[in-house]
Protein chains: 2
Amino acid sequence: MPITLRDVATRAGVSPSAVSRTFTDGASVSEKMRRKVEKAARDLGYSPNALASAMTTGRTKLIGLVSNNFQNPIFLQVFDLLTRKLQDCGLRPLLLNLTGETDAKTAVRMLQQYSVDGAIVASSTLPPEFSKSFRDAGVPVVNSFGRFSTSPEVHVVGVDNSECGRMAARTLVERDYKTVAFLGGPEAATSTQDRFRGFFQELAKHPHVAHSHSFAAAYSFDAGRAEMQRLIAAGDMADAYFCGDDVLSIGALSAVADAGLNVPQDLGIIGFNDMEMARWENINLTTISQPIDQILQSSVDLMVSMLDDPDRSPEVRLFPCKLIERGTLRPLS
Amino acid sequence: MPITLRDVATRAGVSPSAVSRTFTDGASVSEKMRRKVEKAARDLGYSPNALASAMTTGRTKLIGLVSNNFQNPIFLQVFDLLTRKLQDCGLRPLLLNLTGETDAKTAVRMLQQYSVDGAIVASSTLPPEFSKSFRDAGVPVVNSFGRFSTSPEVHVVGVDNSECGRMAARTLVERDYKTVAFLGGPEAATSTQDRFRGFFQELAKHPHVAHSHSFAAAYSFDAGRAEMQRLIAAGDMADAYFCGDDVLSIGALSAVADAGLNVPQDLGIIGFNDMEMARWENINLTTISQPIDQILQSSVDLMVSMLDDPDRSPEVRLFPCKLIERGTLRPLS
DNA sequence: TTTAATTTTGCAACCGGTTGCAAAATTTTC
DNA sequence: GAAAATTTTGCAACCGGTTGCAAAATTAAA
């Protein structure tokens with residue numbers, strides 16, 4: 001059924017190699033030959049088979065897109081941008097959904113079977129070792145939104161989460177909140193741990209500010225709401241909360257509203273991610289944003305450069321986060 | 001670098017065919033041989049190359065996942081479920097992001113180059129002809145969330161959008177709203193058109209109920225809010241609105257709240273999709289839900305059955321929608 | 001115009017598997 | 001225990017391209 005290179009060769013009355021060469025750039029083909037072949041190809045509706053070509057060249061132009069964050073709304077944007085950017089480079093994303101599955105070995109094998117040229121691990125919760133398994137298996141990898149190290153073993157692109165924690169703490173202290181708290185997402189996530197560390201590191205500089213912390217069960221509205229309800233019921237409320245995620249914040253806000261507390265006077269909330277919903281007038285959440293587009297562009301750029309030079313030494317690219325001032329924090333006095 | 005079948009054959013001291021056979025089920029291999037080969041494979045860490053295998057078998061186990069809906073939060077769930085379900089069947093999703101691009105020819109070619117075994121077009125906005133191009137090119141296709149026809153040319157799984165429109169109209173009339181309106185998403189989407197048709201078809205049975213309609217520029221909070229603001233400013237408000245999507249509804253709700261109107265007494269709103277946010281206590285949107293999980297399971301089932309029998313005649317599978325009663329519509333009197 | 005240098009083309013082997021066919025090995029039947 | 005029936009194995013060709021190498025064709029130099 002499908003047209004092969006040999007079909008084209010026959011119709012054009014040339015050798016298969018000639019056809020192959022007209023479709024690989026950089027190959028030696030005369031103008032006359034190229035025209036002849038292109039005509040035949042057009043007539044027949046031929047387009048080269050990427051898989052067969054991959055057999056000899058060893059490059060599939062397939063990039064594994066690995067993630068376990070299919071619950072977080074921000075990731076729809078991540079997938080959108082990432083797939084578009086990859087497509088723009090002539091690369092095709094092969095999706096691997098690792099929800100509820102963290103075995104790196106399996107993940108690597110699943111991608112290796114398809115000879116992917118590389119893999120982008122987009123996750124703020126998978127540990128660095130996860131990405132390392134890809135590198136160890138010889139699969140070029142970049143970890144987007146991952147935890148960085150000063151002596152990285154794989155490319156990492158993202159933000160400095162502990163700096164984000166410090167930024168949140170600094171902001172709350174500036175706004176004159178006297179007791180502040182960290183309301184994190186799932187404790188196992190590296191991003192949670194890093195922000196936690198940064199947050200309390202900064203607070204240590206302000207001994208007059210009381211602090212506490214707790215963790216929500218998931219990055220979800222319900223988990224945020226439940227945890228805030230628990231805190232309210234327990235009666236040991238802080239003045240201000242740094243939440244691990246906007247959805248969490250919004251859940252917390254809803255519990256706070258139910259309790260009749262006044263935001264931002266009685267209680268401040270600062271979120272993380274600046275997702276779509278944070279901008280909604282009826283939510284209007286003050287939050288910290290990470291430059292998603294830049295992170296992903298940089299990830300793809302790194303990926304592309306690794307395809308040329310697989311032994312490129314691992315690099316860390318961090319982008320600054322930004323405070324997005326809205327209505328859930330007291331203004332600077 | 002990577003271990004080939006011949007490496008395994010050499011180490012096990014058997015022929016390549018033997019190795020191939022132990023890895024293809026249904027092939028004739030003795031117990032003794034199988035054990036020998038499996039041991040060698042394990043020792044070497046061999047796993048068969050899906051692409052090479054595809055060359056002779058003609059099956060890649062790659063399924064194109066085509067969509068242009070990377071803005072709608074509901075699609076994160078769609079991607080999550082679809083990829084998991086495909087993976088569970090041993091299939092791998094090759095993502096194709098068609099945002100701002102509707103040329104079916106290109107899309108087909110992009111997938112054909114990778115010899116996908118089939119394609120799932122997940123979109124409520126692409127026209128049936130789009131999916132048809134795949135079928136015409138010999139690529140088994142199922143259109144999830146698509147517009148159905150009584151004499152379908154491709155498999156379609158989804159809901160009867162015009163029935164959804166009727167359901168919305170029926171509900172609003174029941175609740176005793178006297179002037180009702182359709183606040184649709186982008187007019188070009190088939191789902192918008194179908195719901196529009198159903199909505200007014202039902203209203204035609206109730207001549208005492210006044211009606212009107214308009215369309216938002218996008219499926220977004222801002223578009224919904226802007227359109228509702230425009231309506232409020234124009235001063236010709238209806239009693240109740242059927243919005244094309246929950247995000248749109250939420251935007252509209254925010255405009256309504258700003259205007260000091262009382263929901264659900266002065267004004268009723270009914271959304272569509274029952275997304276996560278509709279459940280949030282501070283939104284509490286009455287909406288119509290489509291059974292996403294069933295739709296996708298059915299899509300994958302159809303896909304799998306087509307792989308066995310590519311000439312299976314096209315089928316339409318429609319699932320019922322359900323009214324999710326929350327707080328933005330007057331109760332039944 | 002002849003010869004040397006350069007470019008274009010085709011041949012054939014290969015990438016990593018699969019599979020039809022016949023030979024070899026095993027099991028069944030008598 | 002020999003012959004027939006059945007199962008297992010290996011050989012070799014093939015899937016749809018690519019590529020090193022040498023022959024053929026073209027261009028440049030003499």
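The chains referred to below are lettered A, B, ... by the order of the sequence lines, with proteins before strands, and numbering in each begins at 1.
Within a 6.0 Å radius of CG in A:Asp25, other residues, nucleotides and ligands contribute 12 heavy atoms or fewer. In the displayed structure, B:Lys85 atom NZ is contacted under 6.0 Å by more than 12 heavy atoms of other residues, nucleotides or ligands.
Partners of B:Phe23 according to the ring-ring contact (aromatic ring centres under 6.0 Å, His included) rule, which considers only residues two or more places apart in sequence or in another chain, are B:Tyr46.
Between B:Glu31 atom CD and D:dT7 atom P there is a gap of 16 Å when expressed in whole angstrom units. Atoms CE (B:Met33) and C1' (C:dT26) sit 13 Å apart, rounded to a whole Å.
Ion pairing between A:Arg35 and A:Glu31 holds under the 4.0 Å rule for side-chain N and carboxylate O.
At a threshold of 4.0 angstrom between heavy atoms, the contacts of A:Ser30 are confined to the sugar-phosphate backbone, with no base atom among them.
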How far apart are the C-alpha atoms of A:Arg109 and B:Ser47, what are their side-chain angles, what is the distance that settles it, and do they pass the side chain to side chain donor-acceptor pair (under 3.5 Å) test?
-> CA-CA 8 Å; A:Arg109 200 159 32 73; B:Ser47 87; 5.5 Å; no
What string of B, S and - do you get for nucleotides 13-23 of chain C, 5' to 3', when a contact is any protein heavy atom under 4.0 Å?
-> -BBBBBBBB--
